[in-house]
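Comments concern the structure below.
Just so it is clear, the values below take in all heavy atoms, side chains as well, and ignore hydrogens, waters and symmetry mates. Sequential numbering from 1 along the given sequence is applied to the chain's residues. Computed from a predicted structure; not experimentally measured.
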Amino acid sequence: MADGGYRFPQSGAGPFYFPQHNQQHHHQQRHIARNGSPVNNGRGNYTNDTPSPSRSPVSQASNYNPYAMHNQGHQQGQHVMMNGHHQRYMPSNMSHKYQHQTYQQQHGQQNHHHQQNHTGGQGMGHQQTFSSGTLSNATPHFTPNNLHNGTSNNNQVGMTENLIQNQHWQRQLQLAAESRQAQTAPHHHCKKDGVISRLQKPMDQVPSEEIPEEAAEERNRATTISENSRQDWNALDFSGQQMRALSPMLFQYDFLNKLFLDHNKLTRLDPVIGQLRNLTHLDISSNQIMELPEEIGMLVNLKELLIFDNILQTLPVQIGHLFMLEILGIDGNPIEEEIRDVVMHHGAKALVTQFREDYSPGPPPNERRRVVLDNSPTAETLSVVSYNILCDKYATASQYGYTPSAALGWDHRKIVILDELNHHNADIVCLQEVDRESFDEFFRPELAVNGYQGVFWPKSRAKTMAEKEARLVDGCATFYKGSKYICLDKMLIDFANTAINRPDMKGEHDTFNRVMPRDHIAVASFLENRMTGSRMMAVNAHIFWDPAFADVKLVQVAIMMEQLSKQADRWAKHPPCADKTAFCIPEIDCEANPDTAEEPTAEPRPSLKYSNGPEIPLIICGDFNSAAGTGVYDLITTGSLPGNHADLGNRRYGNFTRDGMAHPFKLKSAYTEPEQLSFTNYTPTFSGVVDYIWYSDNALDVRELLGNVDEEYLRKVPGFPNHHFPSDHLALKADFSVKQRKEIKGIEANGA
């Protein structure tokens, strides 16, 4: 099927079939003139042999009532005047309680007409919902004899109230009627929209100047489908094939947007349907399906889910994940009354919200597996955690509509984050998206219980704000075990401020318009191990997110590496600690632990000497919003990039574009294989690695990594955050061993 797929008409309930034995009760088709008077249209009488789009097979619904359909067809033939235009009144009351009663009343009045469209019977349109007052005065066909509007006739008042029904249910019944009409037409979606699809040009065939700016920007957003891939079709129509089973190959077409499986003989929907996460339309109407799999909740991009005329009695609670769902077609199923009432009176979104908020998280997943790379004895080790915790102000319902509000709330998430950090018990913890308020009032005091000290800087915009607003600006927070490390120095790297103050970039147009408005930062800490005297640099960075600004990301990282190179040379000359006990934390470091009071305390070694900056062990953690193969990744791992790199485009950034970019460090990613960690960011629209722990290969070795999330658990989880994972990012953890240098020279405090 060509791109564009099937589109449901926006209005009109569609024609109906009138049972043969009732034909004698109907008058000829009539057209209602603008003044409301019936006018003979000159057409001949209707016969069973007359080809007409009005003819439709009987519904497959178990509760189908031909008289109700007959009655509805009559009522749809009425016209009313509103705002100077003809409008067709579309009563949608299909409640079985009133169907037979309404049929008797209408036939008792002998006032029936066949429906006739103003355009010659090309389908019904202009569906509207009117008040009872409008109906009684708009046309002579709605007289007190018909509706008794304003009288005390309880039967007629009840009838009127049912005619004026909720628009959500009107749309529901309209789509159900259209579905039932098409039950004998195989591939009817493809046939119906074939002409429309042929007239539409695929996006990749539209000249670039014709593509709206919004569309062009949206194409650059993170996606699981490669930008270089071309897919000329994204819809499949298997309707009316009498299929009893589906090929497993179907579920490998994860590029599909629309899938039509209606009017077959399917008794189940395979759970692997959850792999088709790009679906926006799914139609499985008129089958024999008794239950939906829980994996249906993985299809969070669904806007239309039609399940008319099956044998469903309930729906899985995972429906609550479908926050984009606009239409949920349930008519013709023996569905629970509570579910039916919510959809009937409030629509699909209300049901999704109810299911989402009532969602029980269930048991937590199995612990993430450990990837052991080296377990040989070593003299010195260190462990590092990097974690983008998702700042509270960014955790909105509009951004994470698939997450229950209880799981999205900061009061819940901060406790889960803290528990996870305490469980990992790393020597160094680098957190991104921490605001000043959370740092001061929660993380610093809570982590201090486990012996952590912290360094924090907010993004540069905080400098321009009042104190109250500035406290909500996020930034980078680095924590380290105070009992193990001393913080000798720290440094803020403000990318935008550094760029506009560089002599070679001051006058560049791109610097002011692209780099300067992005206030991302990095925080560098210079630490010394109390006992071994070894020193290290721990860097915590957060890089701009937008894939349309690959040049900005690359410039930010180039500035970071340039500043680290300069600072590392200065730190290589940093004087030794004169008295390490002066840096002790009261009640944590300086007082003996009662459990180990009798154990002898090892004598701290002198500070190690480093001849140059690159000799100092370096750890760089953070959210780089960049995948492997990008300029950011290649610059860090290879040490250099040319000034004409593709990520820079035709932009000009001073010496970076004139001479290229380089740094002296030998860095590797702790996670080198895809199977070690398949993603660090997990949402319905993106799953990939964008967070890293880089380390200097000349000074450190990787011993152990924190691996993947349980795959079985992920089969029913469309994205993070949720009750068990408090951020849309995963925590990364790596254990390192510090390489022993051939000649270890200490710097005594007295200079010896």
For residues 367-399, the ring-ring contact (aromatic ring centres under 6.0 Å, His included) pairs (sequence neighbours left out) are none

What about [X] and [Y], are their ring centers closer than 6.0 Å?
| X | Y | value |
| --- | --- | --- |
| Tyr633 | Tyr692 | yes |
| Tyr713 | His724 | yes |
| Tyr695 | Phe736 | yes |

Would you please name every residue forming a ring pair (Phe, Tyr, Trp, His ring centres under 6.0 Å) with [X], sequence neighbours left out?
| X | result |
| --- | --- |
| Phe526 | Trp571, His574 |
| Phe549 | Phe544 |
| Tyr671 | none |
| Tyr400 | none |

[X] bridged to [Y] by N-O distance under 4.0 Å:
| X | Y | answer |
| --- | --- | --- |
| Asp551 | Arg514 | yes |
| Asp494 | Lys463 | yes |
| Lys393 | Asp435 | no |
| Asp735 | Arg703 | no |
| Lys459 | Asp474 | yes |

How long is the gap from [atom1] on [X] to [atom2] on [Y], to the nearest 0.5 Å?
| X | Y | atom1 | atom2 | value |
| --- | --- | --- | --- | --- |
| Asp411 | Lys414 | CG | NZ | 5.0 Å |
| Tyr480 | Asp427 | OH | CG | 13.0 Å |
| Met531 | Glu380 | CE | CD | 11.0 Å |
| Gln567 | Ile616 | CD | CD1 | 9.5 Å |
| Ser607 | Arg530 | OG | CZ | 11.5 Å |

Just by distance, no angles: are the side chains of [X] and [Y] close enough, under 3.5 Å, to form a donor-acceptor pair?
| X | Y | result |
| --- | --- | --- |
| Asp728 | Thr683 | no |
| Glu433 | Asn388 | yes |
| Asn450 | Lys481 | no |

Short question: side chain of Arg535, backbone of Leu527 - any donor-acceptor pair under 3.5 Å?
no

Parallel, tilted or perpendicular, as decided by the 30° and 60° cut-offs, for the rings of His723 and His412
perpendicular

What pairs with Lys490 under salt bridge (Lys or Arg N to Asp or Glu O under 4.0 Å), at least two apart in sequence or on another chain?
none

